[in-house]
Amino acid sequence: MPYHEFECSTCIPERKKHAVVKGPGETLADALPLGYLNTIPGTISERGCAYCGAKHVIGTPMKDVIHISHGPVGCTYDTWQTKRYISDNDNFQLKYTFATDVKEKHIVFGAEKLLKQNIIEAFKAHPDIKRMTIYQTCATALIGDDIDAIAQEVMEELPDVDIFVCNSPGFAGPSQSGGHHKINIAWIKNKVGTVEPEITSDYVINYVGEYNIQGDQEVMQDFFKRMGIQILSTFTGNGSYDDLRAMHKAHLNVLECARSAEYICNELRVKYGIPRLDIDGFGFEPLGNSLRKVGLFFGIEDRAQKIIDEETARWKPELDWYKARLTGKKVCLWPGGSKLWHWAHVIHDEMGLDVVSVYTKFGHQGDMEKGIARCEQGALAIDDPNELEGLEAMNRLQPDIIFTGKRPGEVAKKIRVPYLNAHAYHNGPWKGWEGWVRFARDIYNGIYSPIHELSKLDISKDEIPTDKGFKTARMISDADLPEAVRNDPNLRRYTGKYDMVAELRERTYPEFARQGAQEAAA
Amino acid sequence: MHCELKEKDRIGTINPIFTCQPAGAQYASIGIKECIGIVHGGQGCVMFVRLLISQHLKESFEIASSSVHEDGAVFGALDRVEQAVDVLLMRYPHVKVVPIISTCSTEVIGDDIDGVVRKLNEGLLQEKYAGREVHLIPIHTPSFVGSMVSGYDVAVRDFVKYFAEPGEPGEPNGKVNLITGWVNPGDVKALKHLMTEMDIQANVLFEIESFDSPLMPDGNYVSHGSTTIEDLKSTGSASATLALNRYEGGQAAKYLESEFNQPTIVGPTPIGIRNTDTFLANLKTLTGKPISHSLVVERGIAIDALTDLTHMFLADKRVAIYGNPDLVIGLAEFCLDLEMKPVLLLLGDDNANYPDDPRIQAIQQNVDYPMEIITNADLWDLENRVKNEGLELDLILGHSKGRFAAMECNVPMVRVGFPTYDRAGLYRYPVVGYEGAAWLAEQMANTLFTDMEYKKNKEWVLNVW
């Protein structure tokens, strides 16, 4: 597996070991790109900071909490309204964000008094909310404010409130990943075990590393509920602060994003003996296997199988409609961290897409191991990519579509590569069977957009086709399909609604008789 | 007096109106051609600002980071700047201008960015980049001072200070420096049009019409401003300077006035008919050029459109406005001319000059209904007044970060300012000039009309109009 040297990066030789091409017959033992090292300054890397990794990625999806950042307003403003982690309490966490508004005088004289006033003010402005998280920023870390002490002081004065402190300033690590780690550890150290939950099922899990992007958590929650499993807490999408204080009472930690949240699972295993089960909510097969594994753990595989059969029968014909039209299309799979291995194999197996490149902004070598193992031969794997390398890779690989962030998506647009938002999704949720069809639908709509086709026409040089007033995506996608596939009566396009999550919130679930009630309570 | 000017009565910020200074410096930096800034601080200070700008303009812009990590925060991070400059120059051979933009972290640890620029000028640039034109410009924008607005102002001033050169004595170059402030491509286009109609050559700071860039059938097109080093140098030899905004570019104008003795006028922001009239009058004063008949016609078209709307639909409508101060004040003035009632103006920072602003003073002296102007304000100042204190509003004017506040208040909102990511293409349309006046008034009217229909609030009125 040779290292891949980008032409644009020959002048920074330390980049050479950050990209590899998966060669024929090679295994991971041959080479692995370096990962999670300090960023080379001035490369125009896409990485964020440890503050956003803690606050923005993991902290803020918690729904019933005042999220306050102790620092100048910028950190708060910048990490506000740039994600799509919704909740079933009317999105309090999206609507409100709080900054202590540290100014120059506070930098000079300290900002602890300011912080305390802020905490009291924020609770006063939202009297129904009794929980708070406080995030340190670069400025307040450097002036040495003791946030924990202030939080403690307030909790003593206001006994009905509870406050969590996360000390993860922006500079604390090479990327946002440093912040993931810090908030994981801070939460288990300070909050887990401080609330005793009501156990209502024989089968109790924490659902960890799931951020409810466009409703993913609620889709997965639906399956667990249909299996009669109690979700004690979700870390952290659509999650409730007090539920997360009771994580210690689960029987199993079901872990989705192992990049951002394996730390807390590992600690829960050490401290409370709760086993960790890694799952994949994306893709029919991985999701089916995941539910089966959870079922197996609890001895309720039949309940999992029932869901798998129902959902597969309902959605397989729709997924296959898209697979027939996406097969052989080239993808650059360029997300932040875990999706590179969540998606690499399954978009190939189930949608027919060829992954020509994977990258990770903040992943570690472990993520690359999994991702490279799962992607196609010849795929280019890049750690901590930068602007020029991304362009060079796209120009070389000529992908049909790229899955990445909003801003890098704009870069791809300019060289006529359609993009899907890998972090916030286009029209998600993308988890679950129906969600996976929605993902396929979004990919199809991206690749076969008639506007995308028009973008490649040079009206000054090319012959302008004047015989058509319009084209549909279908006219483009089906042009070369065999008749039997084009009109296959067993296949159909997506038939779901624009918003599939609202209905889930109204659902009722079967009662399962409890067998081991006493054991669970103990 | 019916209009009170006061600071927000809470100490903290709930839903901020502005981000911090480095964002403003970054927005200014992308207006310059062959320029990539290096933000000296944590990576989020760049990554999120690039995201914010790309949300607003639906384009990606290049800005680099010195990627300060923990060791740098402890031991000093100037070596990161040195490395960043070298890496950037090696990989972007076209780059000539590199502002070094400080942040809260690197100001707190006391990194001497002026010193490192001197060191690089004497060392790296001489040794490795001899013969290449490179300008390293330190820009101090600690996040705990001012806001993105003052950051923009500081950066424009520092760019002008660095580059401006005197021309031949007594022989100005015949151009007028037009310092636009924080505007959109559509605004620049409209302003240039007005100046062209008056046969005035403009040196636009910054020439950002190209921010709205094409998707071409081949090659790549990296969005960037087009103000050149020559343009910046020639600011010193211009015939005159006109800065449209007091708080975004005003300092640069003052510098040009004092350093090069140029006839200089600052403000007013040409929002609405009256302020556009003043803008043209100021151009006439500075250049002696007459106002052309074509502009009389253009003004007439706008006045015609406004007449259709103002007393039938817009009169007495109660408006809250938030955002950049010059924009907010300009919009408030325009609303008053349209017989509307701005009842709440929110200025998102604590600039000590607001009480001395003659426009604010004039509003205070002349409104005859209760009105508040809040400084250091946040969006909770808006939402709380409506939800908990009985403030009644018909319309909100502001940027997209207030979208939830508007929805919570159940008040229709016209997106204006920066950023406006939750509506398509707004950056393409001007809010300045006569064209902007008509566009704004029509946006306000159409937004009110849609709201009437959805709320079944005299929706039948529109049957005949």
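Naming: A, B, ... by sequence-line order, numbering from 1 per chain. Reckoned from all heavy atoms, side chains included, excluding hydrogens, waters and symmetry mates.
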Which atoms of [X] are under 4.5 Å from chain A, going by heavy atoms: the side chain, the backbone, both sets, or neither?
| X | answer |
| --- | --- |
| B:Leu89 | neither |
| B:Ile63 | backbone |
| B:Tyr421 | side chain |
| B:Glu408 | side chain |
| B:Asn388 | neither |
| B:Pro22 | neither |
| B:Ser143 | both |
| B:Ala23 | neither |
| B:Asn384 | neither |
| B:Ser223 | side chain |
| B:Ile11 | both |

So, for [X] and [Y], which heavy atoms are closest and what is the spacing to 0.1 Å?
| X | Y | value |
| --- | --- | --- |
| B:Pro16 | A:Trp80 | O-CZ3, 3.6 Å |
| B:Tyr92 | A:Glu387 | OH-CB, 3.7 Å |
| A:Gln81 | B:Phe404 | NE2-CD1, 3.5 Å |
| A:Tyr96 | B:Asn15 | CA-OD1, 3.2 Å |
| A:Ile415 | B:Gly219 | CG2-O, 3.9 Å |
| A:Pro41 | B:Val87 | O-CB, 3.5 Å |

task = Working to the nearest 0.5 Å, report the span between CG of B:Leu57 and CD of A:Glu410.
result = 9.5 Å
ask   = Looking only at side chains, do B:Gln43 and A:Ser45 share a donor and an acceptor under 3.5 Å apart?
value = no
Residue among [options] with most heavy-atom pairs under 4.5 Å to chain B:
| options | result |
| --- | --- |
| A:Thr76, A:Thr43, A:Val411 | A:Thr43 |
| A:Gln117, A:Lys406, A:His106, A:His56 | A:Lys406 |
| A:Ile143, A:Ile459, A:Asp90, A:Leu94 | A:Leu94 |
| A:Cys138, A:Pro174, A:Ala125 | A:Pro174 |
| A:Cys8, A:Ala139, A:Gly170 | A:Cys8 |
| A:Val102, A:Thr10, A:Leu454, A:Asn38 | A:Asn38 |

Side chain, backbone, both or neither: which part of [X] has a non-hydrogen atom closer than 4.5 Å to chain B?
| X | answer |
| --- | --- |
| A:Asn91 | neither |
| A:Leu391 | side chain |
| A:Ser9 | both |
| A:Asn386 | side chain |
| A:Leu388 | both |
| A:Thr100 | backbone |
| A:Glu389 | both |

What do you reckon, is [atom1] of [X] surrounded by more than 12 foreign heavy atoms closer than 6.0 Å?
| X | atom1 | value |
| --- | --- | --- |
| A:Lys113 | NZ | no |
| A:Lys105 | NZ | no |
| A:Lys16 | NZ | no |

task = May I have the step-by-step check of side-chain contact (heavy atoms from CB on, under 4.5 Å) for A:Lys124 and B:Arg10, ending in yes or no?
result = CA-CA 11 Å; A:Lys124 208 170 143 191; B:Arg10 286 167 290 112; over 6 Å; no
Within residues 56-82 of chain B or reaching into it, pairs that qualify as ring-ring contact (aromatic ring centres under 6.0 Å, His included) - sequence neighbours excluded =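 As it turns out, the ring-ring contact (aromatic ring centres under 6.0 Å, His included) pairs with a partner in residues 56-82 of chain B, which skip direct neighbours, are B:His56-B:Phe418, B:Phe61-B:Phe211.
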inquiry  = Could you walk me through whether A:Ile44 and B:Ile36 satisfy the side-chain contact (heavy atoms from CB on, under 4.5 Å) test, starting with their C-alpha distance in whole Å, then the side-chain angles of each, then the deciding distance to 0.1 Å, before giving a yes or no?
reply    = CA-CA 10 Å; A:Ile44 315 197; B:Ile36 296 181; 4.0 Å; yes
query = For the residue pair B:Trp380 and A:His126, does the interplanar ring angle fall in the parallel (under 30°), tilted (30 to 60°) or perpendicular (over 60°) class?
reply = tilted
Highest number of heavy-atom pairs under 4.5 Å with chain A: which of [options]?
| options | value |
| --- | --- |
| B:Glu62, B:Arg91, B:Gln21 | B:Arg91 |
| B:Ala64, B:Ala77, B:Ser60 | B:Ser60 |
| B:Met148, B:Lys401, B:Met407, B:Met90 | B:Lys401 |
| B:Gly72, B:Pro214, B:Cys45 | B:Pro214 |

query = Is there a donor-acceptor contact under 3.5 Å from the side chain of A:Lys413 to the main chain of B:Lys58?
reply = yes
inquiry  = One pair to check against side-chain contact (heavy atoms from CB on, under 4.5 Å): B:Val222 and A:Lys414. What are the steps and the verdict?
reply    = CA-CA 7 Å; B:Val222 182; A:Lys414 290 297 195 204; over 6 Å; no
message = Within the 4.5 Å heavy-atom criterion, are A:Gln176 and B:Met47 side-chain neighbours or not?
response = yes
ask   = Hey, are the side chains of B:Ser105 and A:Leu142 touching, using non-hydrogen atoms and a 4.5 Å cut-off?
value = yes
inquiry  = One pair to check against side-chain contact (heavy atoms from CB on, under 4.5 Å): B:Asn220 and A:Met394. What are the steps and the verdict?
reply    = CA-CA 11 Å; B:Asn220 186 15; A:Met394 283 190 282; over 6 Å; no
query = Hey, which residues of residues 65-75 of chain A are touching chain B, say heavy atoms under 4.5 Å apart?
reply = A:Pro72, A:Val73, A:Gly74
inquiry  = For a salt bridge (charged side-chain N to carboxylate O under 4.0 Å, His left out) check, start with the C-alpha distance between A:Lys95 and B:Glu383, then their side-chain angles and the critical distance, and finish with the verdict.
reply    = CA-CA 11 Å; A:Lys95 290 191 293 196; B:Glu383 188 175 328; over 6 Å; no
